[in-house]
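The structure appears below as structure tokens.
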Amino acid sequence: MENCESGDGRREQVKVPLLKTYGTLKNDDIWTESKMLWRIVGPTIFTRVASYSLNIVTQSFAGRLGNLELASISLSITVILGFNFGLPLGMASALETLCGQAYGAKQYRMLGIYLQCSWVVLFLCAVLLLPVYIFTSPILKLLGQPDDLAEQSGLVTIWLIPVHFAFAFQLPLQRYLQCQFKTPITAYISWCVLAFHVFVNWLFLYKLSFGIIGAAVTMNISWWIIVLALFCYVVCGGCPDTWTGFSMEAFSGLWEFFKLSAASGVMLCLENWYYRILILMTGNLNNATIAVSALAVCMGINEWEMSIPLAFFSATGVRVANELGAGNGKAAKFASIISAITSLIIGLCICLLIMNFHGKLATIFTSSNIVIQEVDKLAMLLAITIFLNSIQPLISISTQSIRGSRWFRMASICGCYYVVGLPLGAVLGWFFHLGVQGIWSGMIGGTAIQTLILVIITISCDWDMQVEKASLRMTAKK
């Protein structure tokens with residue numbers, strides 16, 4: 001039996017399958033694990049979809065202002081904001097391990113300490129990344145982007161700096177609550193803010209005619225409302241067992257948290273930057289504004305859909321950490337397998353939807369027939385990318401159990417993405433004159449190779465070793 005908290009804060013007993021034994025799988029085992037997984041995944045998907053929809057809504061409203069406005073806001077959000085988002089997102093994932101294991105070991109007070117520790121580390125990282133926002137225009141020009149696109153994107157990016165700092169606080173809060181099975185509150189807040197965000201965009205862009213700057217301001221307002229709402233919930237009694245107030249003890253664990261989170265942050269950055277570089281490469285094609293707009297629309301849809309596998313990744317991290325903290329390596333492995341299979345099935349269904357509505361995908365973002373036609377040509381590549389992304393939860397969780405896996409994964413990312421994917425995309429895009437389709441095909445080639453490599457090494461996972469590591473960490477904190 002495992003103690004879990006329901007969405008309204010009541011503690012209840014939930015039967016955990018395979019805690020002591022790992023024999024023949026039964027339908028009851030699969031069903032029980034699936035129910036526990038979806039208690040986290042369901043609200044987390046709603047939260048991630050709503051959060052990312054803030055970007056989609058802003059891009060959609062800005063796209064009605066013109067192709068240049070769509071390209072500039074897409075470049076600012078998808079490339080610059082996305083470029084810097086990878087590091088805090090990856091580093092915040094350390095809370096899934098630390099808080100998950102502490103919760104599984106019933107060391108509830110440590111969850112609040114870890115949360116405060118992550119705030120400090122991620123805030124300092126946000127400060128170090130500020131120059132990217134300040135010098136966006138000259139950086140884009142140096143990378144070959146058209147002057148008008150670079151200038152307007154640079155202006156928008158300056159106005160998005162508050163969103164950058166909001167990530168440093170929102171991401172740890174979300175994972176802190178997730179590890180306690182309190183995901184419904186994040187879903188409620190995110191969807192309420194999304195409804196407010198639609199209204200504010202309509203007001204600022206259509207009624208008050210604030211233009212592209214107004215679109216950036218709406219992003220700042222909405223993201224900080226989410227941060228403040230989650231913070232108030234935590235400190236005002238929403239987590240009485242795990243939040244005992246601010247503590248200086250958080251500063252004593254900064255180095256431990258940084259070591260654990262740095263590798264994850266760098267890995268996610270390497271993957272994240274790869275997609276941003278593709279958009280920058282597209283900016284060097286003929287008719288760059290149309291090319292960037294089309295690729296940005298597809299990337300937007302791809303990242304929108306990525307809310308689902310990322311939710312499974314987060315939920316699997318929590319379930320695995322809970323079981324490892326409780327000393328159940330085989331149950332942790334079982335949880336990761338169920339998560340990966342479920343995510344893969346959902347990914348296949350979305351691929352079919354993409355192929356069925358391929359000619360209408362871009363109408364969410366723009367009314368330009370040229371951009372709509374260009375996106376239609378990329379629909380097949382988008383579907384393949386979504387399929388490959390849907391199997392990442394199993395790979396990402398499992399490979400963490402292999403000694404030296406973080407360095408191996410970094411090497412595989414650099415080799416597959418930057419040594420294979422980018423050169424292949426450049427050759428197909430320019431030498432064979434395939435344009436955006438060629439650039440994206442190179443990305444798929446690199447992603448497919450990396451996925452295959454990580455699937456192969458997954459069979460080497462040592463879950464018993466992970467149990468020992470979790471036990472040592474929790475013992476050291478007693």
Side-chain angles (χ1 to χ4, degrees), residues 71 74-75 78-80 82-83 86 90 139-140 142-146 266-303 305-306 309 347 351 354-355 358 361 371 373-392 395-396 399 407-458:
S74 298
L75 200 61
T78 306
V79 177
I80 305 303
F83 180 88
I139 291 174
L140 291 178
L142 184 65
L143 294 172
Q145 304 303 301
V266 171
M267 282 190 294
L268 195 53
C269 278
L270 289 173
E271 293 182 271
N272 212 29
W273 292 346
Y274 178 62
Y275 292 95
R276 318 307 159 189
I277 292 173
L278 292 177
I279 297 180
L280 293 175
M281 289 172 61
T282 305
N284 290 287
L285 295 172
N286 295 328
N287 202 0
T289 300
I290 300 300
V292 170
S293 296
L295 186 59
V297 166
C298 289
M299 288 296 181
I301 295 173
N302 179 52
E303 293 187 15
E305 187 280 335
M306 273 292 289
C351 287
I354 293 291
M355 296 309 301
H358 59 89
L361 294 176
V371 175
Q373 292 172 7
E374 195 67 27
V375 171
D376 186 27
K377 297 176 184 177
L378 298 172
M380 176 64 77
L381 300 177
L382 175 61
I384 296 173
T385 303
I386 287 174
F387 172 76
L388 292 174
N389 288 337
S390 67
I391 60 176
Q392 286 299 318
I395 299 173
S396 299
T399 53
W407 297 109
F408 180 87
R409 191 176 175 198
M410 285 184 194
S412 70
I413 290 172
C414 292
C416 297
Y417 287 177
Y418 295 92
V419 177
V420 176
L422 288 181
L424 180 60
V427 170
L428 293 174
W430 281 282
F431 185 77
F432 288 97
H433 306 290
L434 296 179
V436 181
Q437 291 174 290
I439 292 175
W440 199 337
S441 296
M443 174 193 72
I444 291 177
T447 304
I449 294 173
Q450 194 225 11
T451 302
L452 179 61
I453 291 174
L454 295 179
V455 167
I456 292 173
I457 68 171
T458 296

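The heavy-atom pair separating Ala383 from Met355 by the smallest distance is CB-SD, 3.8 Å. Between Ile386 and Cys351 the shortest heavy-atom distance is CG2-SG, 4.1 Å. Residues Ile449 and Cys416 approach most closely at CG2-SG, 3.6 Å, considering heavy atoms. Nearest heavy-atom pair across Pro309 and Ser390 is CB-CA, 4.2 Å. For the pair Cys298 and Val375, the tightest heavy-atom approach, listed with the atom from each and the gap, is SG-CG1, 3.8 Å.
Residue Lys377 holds its NZ atom at 11.5 Å from CG of Leu434, rounded to the nearest 0.5 Å. Here the CD1-CG distance, from Ile444 to Leu382, works out to 8.5 Å after rounding to the nearest 0.5 Å. Here Thr385 contributes atom OG1 and Leu378 contributes atom CG; the two are 9.5 Å apart, rounded to the nearest 0.5 Å. Here Ile439 contributes atom CD1 and Leu381 contributes atom CG; the two are 11.5 Å apart, rounded to the nearest 0.5 Å.
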Exercise. Given Ile80 and Ile139, is the side chain to side chain contact (heavy atoms under 4.5 Å, CB included) satisfied, shown in steps?
Worked result: CA-CA 10 Å; Ile80 305 303; Ile139 291 174; over 6 Å; no
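Not counting sequence neighbours, the partners of Leu424 by the side chain to side chain contact (heavy atoms under 4.5 Å, CB included) test are Leu428. Applying the side chain to side chain contact (heavy atoms under 4.5 Å, CB included) test to Ala448 and every residue at least two apart in sequence or in another chain returns Leu388.
Counting heavy atoms from C-beta on, the side chains of Leu422 and Tyr417 never come closer than 4.5 Å.
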